[in-house]
There are 2 protein chains.
Amino acid sequence: MLHIVPEIDTSEALTERQKAVLDAALRLLVEEGDQLTMTAVARRASCSKETLYKWFGDRDGLLTATVQWQASKVRVAQVDGKGLDLASLTTSLERFASDWLKVISSDTSIALNRVAVSHAGSGKDNLGAVVLENGRFALATRLKPVLEAGRQAGLLDFSDAETAFRTFFGLVARDVQIRLLLGDRLELTEAAIGGDAARATQQFLALFKSNNRPQGL
Amino acid sequence: MLHIVPEIDTSEALTERQKAVLDAALRLLVEEGDQLTMTAVARRASCSKETLYKWFGDRDGLLTATVQWQASKVRVAQVDGKGLDLASLTTSLERFASDWLKVISSDTSIALNRVAVSHAGSGKDNLGAVVLENGRFALATRLKPVLEAGRQAGLLDFSDAETAFRTFFGLVARDVQIRLLLGDRLELTEAAIGGDAARATQQFLALFKSNNRPQGL
DNA sequence: AGCGAGCCGTACCGTACGTTACGGTTCGCC
DNA sequence: GGCGAACCGTAACGTACGGTACGGCTCGCT
């Protein structure tokens, strides 16, 4: 039987009750891991399974809606890139790095990425795309204008913003996300995150500062 | 019912037939993604389910054995660190980077990491630990002596080999693995891998070469 | 040849879960 | 008050799959 899912495709036409249901599903996902059964969601959200199916079509629809719902809530801070000097660029980069580390080490992000990775192995890949779109790609969209502004201000030197971003991404994230996804304990304290963000930023600046560019790149 | 798995714990007491079965399971894992049912493995390996249960205890045991079996086959090249000069250090690092990119972008690695990530969400975490142990941690074990040798030879300057390794790891892998796990198309040609390996190596050297160390680190 | 161990193929069981169906209740609206 | 839509709770159905049982075959050993 084919289902036409009503208004949950990409827009945000969610009633408060529906948001509450998705929040319950999200909590269940974070706490119970893979035990996200329709029965469990219905019980947790105090709603009927019939309602779940009417609203979200099938289990996949519920999963997708849940991921999109959480993704729509995670927004990395927008940064203004006007009148940039080195100090403000540094703090901007540190802030991005710190925010990103906090996001990827949060229980919610881990649970969401887990389910998206699992889902990517089986046929349709929408979940992975949604997670990437609202995570890594959203970060790139926010960060690139900062990098471009830094280049315009003569502070940074790079040929391709995407490449520069990916280097920054690698310096910040390193092996953190994959280790967390694979179940490695690796608690990141607030202080450690701050230190990592500062280190990554300094390394990035060392590689891309226009007056200190290493030869051979 | 409790099962005592015979001799499949950590050692390598596998008969040829058992290896063939695990190879079949591995192929199934890579090709079919999540459809790794006991029935499918038995059919693919032309063996009986009874044999699977006798050899591997239960589904988890089969999964673990499959992951360990593949992990035992992936060995990053050991590099000798004696009599190091900058050129040979550079080629060593490039080779490590290139090998690692090839590994994490292979279908087998993606499938294995997917199943391990899925598994990590549900209770026991052995699979994730096995993958990490034979992947990221094995790489660190192989690479650190090279870094140490580079430091002994006065070519590199760092205080902690682990930190230096993690930076190298980040510069090499960047966002590749998470994007692949999430189903992002991102084909890495041989040439692209070579270029990435060279770039990562140059960036790493720029950050850690002893005579060109950026201030503030 | 006779025997037993190991394994293949397959049928079978139990259960978990996705999905559907339905009676009862709440609530907005006329 | 009366009506209908939406929804809750729960029972029921179908199926897929993990796990078990069993008959038959091969093969090495004596």
Side-chain angles (χ1 to χ4, degrees), chain A residues 1-8 13-25 28-29 31-67 114-115 118-119 121-124 126-127, chain B residues 1-8 13-25 28-29 31-67 114-115 118-119 121-124 126-127:
Chain A
M1 174 103 188
L2 245 168
H3 280 278
I4 304 297
V5 183
E7 75 225 305
I8 312 291
L14 293 175
T15 69
E16 289 308 313
R17 181 75 180 112
Q18 286 172 330
K19 293 180 187 175
V21 169
L22 293 182
D23 274 328
L28 206 58
L29 202 61
E31 296 170 16
E32 304 297 327
D34 63 334
Q35 293 302 89
L36 194 79
T37 71
M38 301 300 278
T39 305
V41 173
R43 189 169 43 228
R44 185 63 159 268
S46 295
C47 74
S48 73
K49 296 212 272 182
E50 185 183 18
T51 301
L52 292 183
Y53 282 99
K54 182 175 297 183
W55 284 349
F56 307 108
D58 58 3
R59 188 171 183 276
D60 242 47
L62 173 61
L63 225 54
T64 305
T66 304
V67 171
R114 285 227 179 101
V115 63
S118 310
H119 196 84
S122 57
K124 318 174 286 295
N126 13 18
L127 281 194
Chain B
M1 176 101 189
L2 246 170
H3 280 278
I4 304 296
V5 184
E7 74 225 308
I8 312 291
L14 293 175
T15 69
E16 290 308 312
R17 181 76 181 112
Q18 287 171 330
K19 293 179 186 174
V21 169
L22 293 182
D23 274 327
L28 206 59
L29 201 63
E31 295 170 17
E32 303 297 327
D34 62 337
Q35 293 302 90
L36 194 79
T37 71
M38 300 300 278
T39 305
V41 172
R43 189 170 42 228
R44 186 62 160 269
S46 295
C47 74
S48 72
K49 296 211 297 183
E50 186 184 17
T51 301
L52 292 183
Y53 283 99
K54 183 175 296 183
W55 284 350
F56 307 107
D58 58 2
R59 187 171 183 276
D60 245 46
L62 173 61
L63 227 53
T64 305
T66 304
V67 171
R114 284 226 180 100
V115 64
S118 309
H119 197 84
S122 57
K124 316 175 286 295
N126 13 17
L127 281 193

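Within every chain, numbering begins at 1; the chains are lettered A, B, ... in the order of the sequence lines, protein sequences first and strands thereafter. If you're wondering where the values come from, they're calculated on a predicted model, not measured in any experiment.
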Rounded distance [0.5 Å steps], CG in B/D23 versus CD in B/Q18: 12.0 Å
In whole Å, what is the span from the CG atom of B/L62 to the P atom of D/dG19? 10 Å
Round to a whole Å and report the spacing from CG of A/L52 to P of D/dG9. 11 Å
Write down the distance between CD (A/Q18) and C1' (D/dA6), rounded to a whole number of angstrom. 12 Å
Donor-acceptor list for residues 36-46 of chain B side chains, cut-off 3.5 Å, not counting sequence neighbours:
unit_1 : atom_1 : unit_2 : atom_2 : d
B/T37  : OG1    : B/A40  : N      : 3.0
B/T39  : OG1    : B/K49  : NZ     : 3.4
B/R44  : NH2    : B/E31  : OE1    : 2.6
B/R44  : NH2    : B/E31  : OE2    : 3.2

Please write out the pairs of protein N or O atoms and N or O atoms of nucleotides 6-12 of chain C separated by less than 3.5 Å, giving the distance to one decimal.
unit_1 : atom_1 : unit_2 : atom_2 : d
C/dC8  : OP1    : B/R17  : NE     : 3.2
C/dC8  : OP1    : B/R17  : NH2    : 2.8
C/dC8  : OP2    : B/S48  : N      : 3.3
C/dC8  : OP2    : B/T51  : OG1    : 2.8
C/dC8  : N4     : B/E50  : OE1    : 3.0

If I take atom CH2 from residue B/W55 and atom CG from residue B/L62, how far apart are they, to the nearest 0.5 angstrom? 11.0 Å
Just how far, in rounded Å, is P of D/dG19 from CG of B/L36? 12 Å
Calculate the interatomic distance between A/E16 atom CD and D/dA6 atom P; express it in whole Å. 19 Å
Nearest-0.5 Å distance, CG of residue B/L29 to CG of residue B/L22: 11.5 Å
Could you check how far OH of A/Y53 sits from C1' of D/dA12, rounded to whole Å? 14 Å
Whole angstrom value for the distance that separates P of D/dT20 from CZ of B/R59: 15 Å
Kindly say whether A/C47 contributes a backbone atom to a donor-acceptor pair with the side chain of A/T51 at under 3.5 angstrom? no
Return the minimal non-hydrogen interatomic distance between B/F56 and B/V21, and the atom names on each side. CE1-CG1, 4.2 Å
Between A/M38 (CE) and D/dG9 (P), how many Å, whole number? 15 Å
